[in-house]
Peer 1: 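Here it is: the structure, laid out below.
Since we're looking at a predicted model, the values are computed, not measured. Any value given below was found using the heavy atoms of this structure, including those in side chains, with hydrogens, waters and symmetry copies removed.
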Amino acid sequence: MTTTTTASSTGAAPTPSRLRRVLTTPSAGPLAALLLACAFFSLNTEQFLSGGNFSLIIQQVMVVGTLAIGQTLIILTAGIDLSNGAIMAFGGIVMAKLAVDGAVPPLVAIAIGLLVCAAFGAVNGLLVTAIPLPPFIVTLGMLNVVFALTHIYSADQTVVNLPAPLTALGDTFAVGETRVTYGSLLTILLFLLFAYLLSQTAWGRHVYALGNSPEVARLTGIRTGRLTVGVYTVAGLVYGIAALLLVSRTGVGDPQAGQTDNLDSITAVVLGGTSLFGGRGLVIGTLLGALIVGVFRNGLQLMGVPSIYQTLITGVLVILAVTVDQISRRRIR
């Protein structure tokens, strides 16, 4: 009598399925793109593959990467935030002016700046849910409002001579022979924190449910309005942290800061595999997306490629990422 051994009885079958699940996760493509980009630039430039250069890349993307965390939360709910760069700039100016001109203790100034950014996020969320208005329109209007407030409050003057607590995250510590800023470490910790919150908590599951179908989420008992306001508020708080990182990196409060960072944050989210239609994506993918942009800009600069071509290549990457997202959505359906 011949015994037929099936794949299911030996446990061999799950291996391909597990591999397939890994390869089809939203972050698989961005990770592959990042590794290929690193391999390409390491072969074409001598300076790229060094600890100091990688530390520089992380420093260059930490502000936009932190902004992109908040942007990810909002895009997961099928929204979008065009005002995050302006909110960050205003938060930085508030921290700097209060600490320098207002004789407010630096730590209190930082706390007030964070709360102001969170308040703008809450207003965005309330306008999206209470009226309701499309997130694109709300945040486009808020972009102009906050941009104007930044220039009015600062009188178009850059704030200098900041106290040490406002620039502390720009200080460095040694990892072997490489100097790493405390701000870079904070950015990585924020990504890990929100990766945990989105994947391991009820709040995170509700965010995904809201992005997949607001009506279904409401029928299952999720308070979608309150959740949406909460997401925008948390995103605003994250923008405040990005403001502190920006101030600590530049050493000044600059009213001109953040003017294109809203688009750069969206770029990082899209390249990281998060769907612009909501409900699909990982915050770790956003980190990969921010690093992809940073690696391309750094590598092309080391190769002597003019900055305008760096912008061109970034635009092509965004279009390709959105195209892949559309194709994957059609296959799912």
Peer 1: Other hydrophobic cluster members with V252, side-chain heavy atoms of Ile/Leu/Val/Met/Phe/Trp/Tyr under 4.5 Å, chained?
Peer 2: V160

Peer 1: Would you say T158 and P255 make side-chain contact, with heavy atoms under 4.5 Å?
Peer 2: yes

Peer 1: Any side-chain to backbone donor/acceptor pair from R179 onto T172? Under 3.5 Å, distance only.
Peer 2: yes

Peer 1: So, F90 versus F147, ring centres under 6.0 angstrom or not?
Peer 2: no

Peer 1: Roughly how far apart are L186 CG and L193 CG, rounded to 0.5 Å?
Peer 2: 10.0 Å

Peer 1: Identify which one of D261, D81, T66 satisfies the side chain to side chain donor-acceptor pair (under 3.5 Å) criterion when paired with Y239.
Peer 2: D81

Peer 1: Counting only heavy atoms not in D156, do more than 12 sit closer than 6.0 Å to its CG atom?
Peer 2: yes

Peer 1: Is any side-chain N of the basic residue among D264 and R297 closer than 4.0 Å to the acidic one's carboxylate O?
Peer 2: yes

Peer 1: Can you name the closest pair of heavy atoms from C117 and G240 and give their distance?
Peer 2: SG-CA, 3.5 Å

Peer 1: Which pairs pass ring pair (Phe, Tyr, Trp, His ring centres under 6.0 Å) with one or both residues in residues 170-190, sequence neighbours excluded?
Peer 2: F173-Y182

Peer 1: Does T45 use its side chain to pair, donor to acceptor, with the backbone of S42 at less than 3.5 Å?
Peer 2: no

Peer 1: If you look at every heavy atom in A68 and A268, which pair is closest and at what distance?
Peer 2: CB-CB, 4.0 Å

Peer 1: Tell me the closest heavy-atom pair linking G253 and L162, and the distance in Å.
Peer 2: N-CD1, 4.2 Å

Peer 1: Just wondering, do L276 and I75 contact through their side chains at under 4.5 Å, heavy atoms?
Peer 2: yes

Peer 1: Spell out, as yes or no, whether a donor-acceptor pair under 3.5 Å connects the side chain of Y208 to the backbone of G281.
Peer 2: yes

Peer 1: Between the side chains of T72 and T286, does any donor sit under 3.5 Å from an acceptor?
Peer 2: yes

Peer 1: Please check this pair: side chain of Q310 against backbone of L300, looking for a donor-acceptor N/O pair closer than 3.5 Å.
Peer 2: no

Peer 1: Are L114 and I241 side-chain neighbours, meaning at least one heavy-atom pair lies under 4.5 Å?
Peer 2: yes

Peer 1: How many angstroms lie between OG1 in T181 and CZ in R249, if you round to the nearest 0.5 Å?
Peer 2: 8.5 Å

Peer 1: Please check if L35 and I57 belong to a single hydrophobic cluster, counting links between Ile, Leu, Val, Met, Phe, Trp and Tyr side chain heavy atoms closer than 4.5 Å.
Peer 2: yes

Peer 1: Any heavy-atom pair between the side chains of V100 and P163 that's under 4.5 Å?
Peer 2: yes

Peer 1: Give a yes or no on this: more than 12 heavy atoms of other residues, nucleotides or ligands lie within 6.0 Å of atom CG of L189.
Peer 2: yes

Peer 1: Please test N212 against V216 for side-chain contact (heavy atoms from CB on, under 4.5 Å), starting from the C-alpha separation and ending with a verdict.
Peer 2: CA-CA 8 Å; N212 278 316; V216 172; over 6 Å; no

Peer 1: Does any N or O in the side chain of T178 come within less than 3.5 Å of the main-chain N or O of A174, such that one atom is a donor and the other an acceptor?
Peer 2: no

Peer 1: Any side-chain heavy atom of L143 sitting closer than 4.5 Å to one from N262?
Peer 2: yes

Peer 1: Return the OH to CG distance between Y232 and N84, rounded to the nearest 0.5 Å.
Peer 2: 11.0 Å

Peer 1: Is there a side-chain contact (heavy atoms from CB on, under 4.5 Å) between R280 and T274 once you walk through the steps?
Peer 2: CA-CA 6 Å; R280 183 177 183 270; T274 296; over 6 Å; no

Peer 1: Any side-chain heavy atom of L210 within less than 4.5 Å of one from I222?
Peer 2: no

Peer 1: Minimum heavy-atom separation for M88 and G258, please, with both atom names.
Peer 2: CE-CA, 3.8 Å

Peer 1: What is the distance from atom SG of C38 to atom CG of L43, rounded to the nearest 0.5 Å?
Peer 2: 11.0 Å

Peer 1: To the nearest 0.5 Å, what is the distance between OG1 on T267 and CD1 on I292?
Peer 2: 11.5 Å

Peer 1: For the side chain to side chain donor-acceptor pair (under 3.5 Å) test, which of N144, T139, N124 pairs with S83?
Peer 2: N124

Peer 1: side-chain contact (heavy atoms from CB on, under 4.5 Å) between R223 and H206: does it pass, once the steps are laid out?
Peer 2: CA-CA 9 Å; R223 297 182 176 180; H206 291 172; over 6 Å; no

Peer 1: Evaluate whether atom OH of Y153 has more than 12 neighbouring non-hydrogen atoms of other residues, nucleotides or ligands under 6.0 angstrom away.
Peer 2: yes

Peer 1: With distance as the sole criterion, is a donor-acceptor pair present between the side chains of Q59 and S55 under 3.5 Å?
Peer 2: yes

Peer 1: Do Q47 and N53 have side chains that get closer than 4.5 Å, going by heavy atoms?
Peer 2: no

Peer 1: Go through M95 and I112 one step at a time and tell me if the side-chain contact (heavy atoms from CB on, under 4.5 Å) criterion holds.
Peer 2: CA-CA 7 Å; M95 295 176 190; I112 293 173; over 6 Å; no

Peer 1: Of all the heavy-atom pairs spanning G183 and M62, show the shortest one and how long it is.
Peer 2: C-SD, 3.6 Å

Peer 1: Mind checking the CG-CD1 spacing from D254 to I93? Nearest 0.5 Å is all I need.
Peer 2: 6.5 Å

Peer 1: Between the side chain of S184 and the main-chain N/O of V180, is any donor-acceptor distance below 3.5 Å?
Peer 2: no

Peer 1: Give every residue pair that meets the ring pair (Phe, Tyr, Trp, His ring centres under 6.0 Å) criterion with at least one member in residues 37-69, sequence neighbours excluded.
Peer 2: F41-F48, F41-F296, F48-F54

Peer 1: Quick check on E215: does its CD atom have over 12 non-hydrogen neighbours (other residues, nucleotides or ligands) under 6.0 Å away?
Peer 2: yes

Peer 1: Which pair of non-hydrogen atoms, one from I74 and one from I80, has the smallest distance, and what is that distance?
Peer 2: CG2-N, 3.4 Å

Peer 1: Transitively linked via ILVMFWY side-chain contacts under 4.5 Å: L56 with I58?
Peer 2: no

Peer 1: Taking the side chain as every heavy atom from C-beta outward, state whether L227 and W203 have any atom pair closer than 4.5 Å.
Peer 2: yes

